[in-house]
> 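Have a look at this one.
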Amino acid sequence: MSHRIGLVIKYALNIAALIVVIALFIKSLIDVDRSYDSWWYHLPFAARIWGIVPATSYAFQDFLEARYDGFPLLAQFLQGLFWVVFQRVQAANLVSFLSLIVYLYFLKFYFHVRFYLSAIALLAVPLILIHATSCYVDLPANVCLSISILMTYLLYTQQDFLNKRNLFVIFLAASGTANIKMQLIPVVFLILCFVGFKLIKEIIARRMASKSLLTIVPTIFLAAILIFATPIKNIVFYGNPFYPLRIEVMGIVLNHKEALPQDAPDYLKNASRQERWVYSILEINSAPWSIDQGSKNPSQHRMGGFFGAYVVFNLLLFSYICYRVRCRETLVGVILFIIMSLVASIIPQSHELRYYMFWMIALVSLNLYLVSHLERSRENLQWLDTKNLGIICVLFLTLVIFQIRKPSAVKPIFYTLEKHLERHVDFKLVNQIAPGDKVCIVSITPNDFLYASKFHPQLNYSYSVKATDSESECGARKAIKPTYRPWL
């Protein structure tokens, strides 16, 4: 009887996970992402890469031009590709959504974690749920980084794991991370040091011949160039691997266009990065859940996003498993967790959790793997099995879904591009722009991109728009000042 009940519960959890994932897919295809950064530079970058909105039609603000030159652009490249293929801007959302699907498949293939369990457990993290249908690039970057982290975990827990296929997966994941999110490049380098150490040990143990080394060494060198293509390019062209951000090396300030942002709440201005990070992951005085955790309350601004109670639950679960079961998997897991936490807490802007979702993704994934692994090996941990863990995660996910209401995190609201333009564009002003005009849109970020001729086919002609923060930057262009319309 209890076995039948267990099967019914697992069947129900499968259906619940499938419904949520399908809803997110539909939302990705139907709803235009209304998020600030998406229209400020993610979509404009994607549009320029693929010629959807070329530089002759729309020019960024000067400092955004520098970001376009220096930032990793792999995610925007993929967003533009989907935009071109589907001929709708909403398709750019699929980059984030598909990154989540790739990660669920990764957990299934390498860790044998059931789909329903991984989907429900990961989507119970508010930032993951919100980002899954957006054009922000944080989720794809952190998914790639999490794959790198967990592949390294398997490298140190499983024998004979070091083969060409697995090294290629590590290479792809590291390349994806470093060419999507600049803040994560140092973490990628650290992970590759651990991978490299294991690789060197393997080469020594196998006593590989010099002929084999002649193949391995150039391959590693080429892989490193591809992984770190963006910082290498920036060193060559701008003399700064993290251009356009301000970097100081041995007292020398490298070429830059902007300083590193500092968005810590006032009461944590003098706190260490570690302190800010702990406050943020536990959601002590955190902002309401949103895509960037922005808040009008300065004491909450950019804080939280992992669901503090869910973080505590996962920490307690991980501690309980590692205490009860002493094995190689838990020992390496503890070491990995300590290193991962130290790194996440000392990175610049460590409290802005959307940049560093890898910590929560990896923690949840480790718990899912250990519970699934122990269940398969018939270890007796009383109540702890995949069924009960799934029920608990569903409860957390339900709380998150009902807490995020503006807009709905799962339900499509049929917010089209036409509605977006109606809300944020002054069409009377657009109609005054003549064919071939060169105009300057002043201080309406991120609405300025919406004034590009691409979004106004009714005019049946093209013109050139430049976005600026000051009329003094307009030069010979005709300055126009639309009334700023609030973004949300």
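Side-chain atoms are counted along with the backbone in the values below, which use heavy atoms only and exclude waters and symmetry mates.
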> Counting distance only, does the side-chain N/O of N240 pair as donor-acceptor with the main-chain N or O of N255 below 3.5 Å?
yes

> Does any N or O in the side chain of R302 come within less than 3.5 Å of the main-chain N or O of P265, such that one atom is a donor and the other an acceptor?
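Not confirmed, R302 side chain does not pair with P265 backbone.
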
> Search all heavy atoms of P72 against all heavy atoms of I180 and return the closest pair with its distance.
CB-N, 3.6 Å

> Using side-chain hydrogen bond (donor to acceptor under 3.5 Å, both in side chains) as the criterion, point out the one residue from S146, S345, S341 that pairs with W359.
S341

> When you measure from the side chain of S350 to the backbone of R273, do you find a donor-acceptor pair of N or O atoms at a distance under 3.5 Å?
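At least one qualifying donor-acceptor pair exists.
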
> Side-chain contact test, heavy atoms from C-beta onward, threshold under 4.5 Å: evaluate it for V311 versus M360 and give yes or no.
yes

> Using 30° and 60° as the class limits, which term best fits the ring planes of F77 and W50: parallel, tilted or perpendicular?
tilted

> Please check if the side chain of E283 supplies one atom and the backbone of S280 the other of a donor-acceptor pair under 3.5 Å.
no

> Under 6.0 Å from the OH atom of Y267, do we count more than 12 heavy atoms belonging to anything else shown?
yes

> Evaluate side-chain contact (heavy atoms from CB on, under 4.5 Å) for Y110 paired with L154, printing each intermediate quantity in order.
CA-CA 9 Å; Y110 276 100; L154 292 177; 3.9 Å; yes

> Would you say the ring centroid of F106 lies under 6.0 angstrom from that of F111?
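Yes, ring centres under 6.0 Å apart.
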
> Assess the residue pair I52 and V84 against the criterion (side-chain contact (heavy atoms from CB on, under 4.5 Å)); give the C-alpha distance rounded to whole Å, side-chain angles, the decisive distance to 0.1 Å, and a yes or no.
CA-CA 8 Å; I52 301 168; V84 168; 3.8 Å; yes

> Do F194 and F197 have ring centres separated by under 6.0 Å?
no

> Hey, does F189 have a side-chain heavy atom less than 4.5 Å from the side chain of C193?
yes

> Can you tell me how far the CZ atom of R477 sits from the OG atom of S464, to the nearest 0.5 Å?
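Nearest 0.5 Å value for the CZ-OG distance: 3.5 Å.
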
> What's the spacing between I149 CD1 and F337 CZ if we round to 0.5 Å?
12.0 Å

> Under the criterion side-chain hydrogen bond (donor to acceptor under 3.5 Å, both in side chains), I'd like the reasoning laid out for D426 against Y451: C-alpha separation, chi angles, the key distance, then a yes or no.
CA-CA 9 Å; D426 183 345; Y451 283 81; 5.4 Å; no

> Could you walk me through whether Q61 and T445 pass the side-chain contact (heavy atoms from CB on, under 4.5 Å) check?
CA-CA 9 Å; Q61 295 153 303; T445 304; 3.0 Å; yes

> Distance from M357 atom CE to F306 atom CZ, nearest 0.5 Å?
7.5 Å

> Check G70 against P244 and note the closest heavy-atom contact, atom names and distance.
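Result for this residue pair: CA-CD, 4.4 Å.
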
> Is a side-chain N or O of D437 found less than 3.5 angstrom from the main chain of Y463, in a donor-acceptor match?
no

> Is there a side-chain contact between N447 and V425 in this structure, where contact means two heavy atoms from C-beta onward sitting under 4.5 Å apart?
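Side chain of N447 against side chain of V425, heavy atoms only: no contact under 4.5 Å found.
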
> Please indicate whether K438 has more than 12 foreign heavy atoms, meaning atoms of other residues, nucleotides or ligands, lying under 6.0 Å from its NZ.
no

> For A174 and V188, which heavy atoms make the closest approach, and how far apart are they?
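So the minimum-distance heavy-atom pair works out to CB-CG1, 3.9 Å.
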
> Distance-only, no hydrogens or angles: does the D31 side chain make a donor-acceptor pair with backbone N or O of I413 under 3.5 Å?
yes

> Is it the case that the side chain of S35 and the backbone of D37 share a donor-acceptor pair, with hydrogens and angles ignored and the cut-off at 3.5 Å?
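Not confirmed, S35 side chain does not pair with D37 backbone.
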
> Under 4.0 Å between a side-chain nitrogen and a carboxylate oxygen: does that hold for K466 and E65?
no

> A side-chain contact here means heavy atoms from C-beta on lying under 4.5 Å apart; do R165 and F168 qualify?
no

> Do L29 and F97 touch side chain to side chain, with heavy atoms closer than 4.5 Å?
no

> Look up atom CZ in R88 and atom CH2 in W83, then write down how far apart they are to the nearest 0.5 Å.
12.0 Å

> Which atom names give the shortest non-hydrogen contact between E473 and D62, and what distance separates them?
OE1-OD2, 4.1 Å

> Go through the steps to decide whether E471 and K481 satisfy the test salt bridge (charged side-chain N to carboxylate O under 4.0 Å, His left out), and finish with yes or no.
CA-CA 9 Å; E471 193 170 336; K481 295 182 179 180; 3.1 Å; yes

> So does D266 have more than 12 non-hydrogen atoms from other groups sitting under 6.0 Å from CG?
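Counting neighbours around CG of D266, more than 12 heavy atoms of other residues, nucleotides or ligands fall under 6.0 Å, so yes.
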
> Can you tell me if NZ on K269 sees more than 12 non-hydrogen neighbours from other groups inside 6.0 Å?
yes

> Would you call Y103 and I361 a side-chain contact if the rule is heavy atoms closer than 4.5 Å?
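A side-chain contact exists here, since the closest heavy-atom pair is under 4.5 Å.
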
> Spell out, as yes or no, whether a donor-acceptor pair under 3.5 Å connects the side chain of S96 to the backbone of S134.
yes

> Around atom OH of Y105, are there more than 12 heavy atoms from other residues, nucleotides or ligands closer than 6.0 Å?
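Not buried by this count: 12 neighbours or fewer within 6.0 Å.
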
> Is the shortest side-chain heavy-atom distance between Y136 and D292 below 4.5 Å?
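The answer is yes; the side chains approach within 4.5 Å.
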
> Would you please indicate if the ring centroids of W39 and H420 are separated by under 6.0 Å?
yes

> Atom NZ of residue position K257 - does it have more than 12 heavy atoms of other residues, nucleotides or ligands inside 6.0 Å?
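Atom NZ in K257 is not packed in, count stays at 12 or less.
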
> Should F242 and L254 be marked as a side-chain contact (heavy atoms from CB on, under 4.5 Å) after you check the CA-CA gap, both sets of side-chain angles, and the distance that decides it?
CA-CA 9 Å; F242 298 102; L254 303 183; over 6 Å; no

> Of the non-hydrogen atoms in A409 and L24, which two are nearest, and what is the gap between them?
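Looks like O-CD2, 3.5 Å.
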
> Given D33 and N93, is the side-chain hydrogen bond (donor to acceptor under 3.5 Å, both in side chains) satisfied, shown in steps?
CA-CA 7 Å; D33 182 14; N93 301 332; over 6 Å; no

> Please check if atom CZ in F25 has more than 12 non-hydrogen atoms from other residues, nucleotides or ligands closer than 6.0 Å.
no

> For Y355, is the NZ or CZ atom of K181 found under 6.0 angstrom from the centre of its six-membered ring and inside 45 degrees of the ring axis?
no

> From the options F60, Y41, F455, select the one residue that forms a ring-ring contact (aromatic ring centres under 6.0 Å, His included) with F449.
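Only one of F60, Y41, F455 forms a ring-ring contact (aromatic ring centres under 6.0 Å, His included) with F449, namely F455.
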
> Within 45 degrees of the axis of the six-membered ring of Y415 and under 6.0 Å from its centre: does R34 put its NZ or CZ there?
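Because its charged atom sits under 6.0 Å from the ring centre and within 45° of the axis, R34 does stack over Y415.
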
> Could you tell me which non-hydrogen atom of M303 sits nearest to which non-hydrogen atom of N285, and how far apart they are?
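M303 and N285 have their closest heavy atoms at CB-O, 4.2 Å.
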
> Report the residue from L122, L123, L129, I128 that forms a side-chain contact (heavy atoms from CB on, under 4.5 Å) with V125.
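The single option meeting the side-chain contact (heavy atoms from CB on, under 4.5 Å) with V125 is I128.
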
> Can you tell me how far OH of Y356 sits from CD1 of I347, rounded to the nearest 0.5 angstrom?
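Between atom CD1 of I347 and atom OH of Y356 there are 5.0 Å.
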
> Starting at CG of L336, measure out to CG of L150 and round the result to the nearest 0.5 Å.
7.0 Å

> Using 4.0 Å as the upper bound for N to carboxylate O, is an ion pair formed by D69 and K233?
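Result for this pair is no, no salt bridge flagged.
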
> Between the main-chain N or O of L127 and the side-chain N or O of R354, is there a donor-acceptor pair closer than 3.5 Å?
no

> Within the structure provided, determine whether F358 and L184 are in side-chain contact (heavy-atom separation under 4.5 Å).
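A side-chain contact exists here, since the closest heavy-atom pair is under 4.5 Å.
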
> Are the side chain of N166 and the backbone of L162 linked by a donor-acceptor contact shorter than 3.5 Å?
no

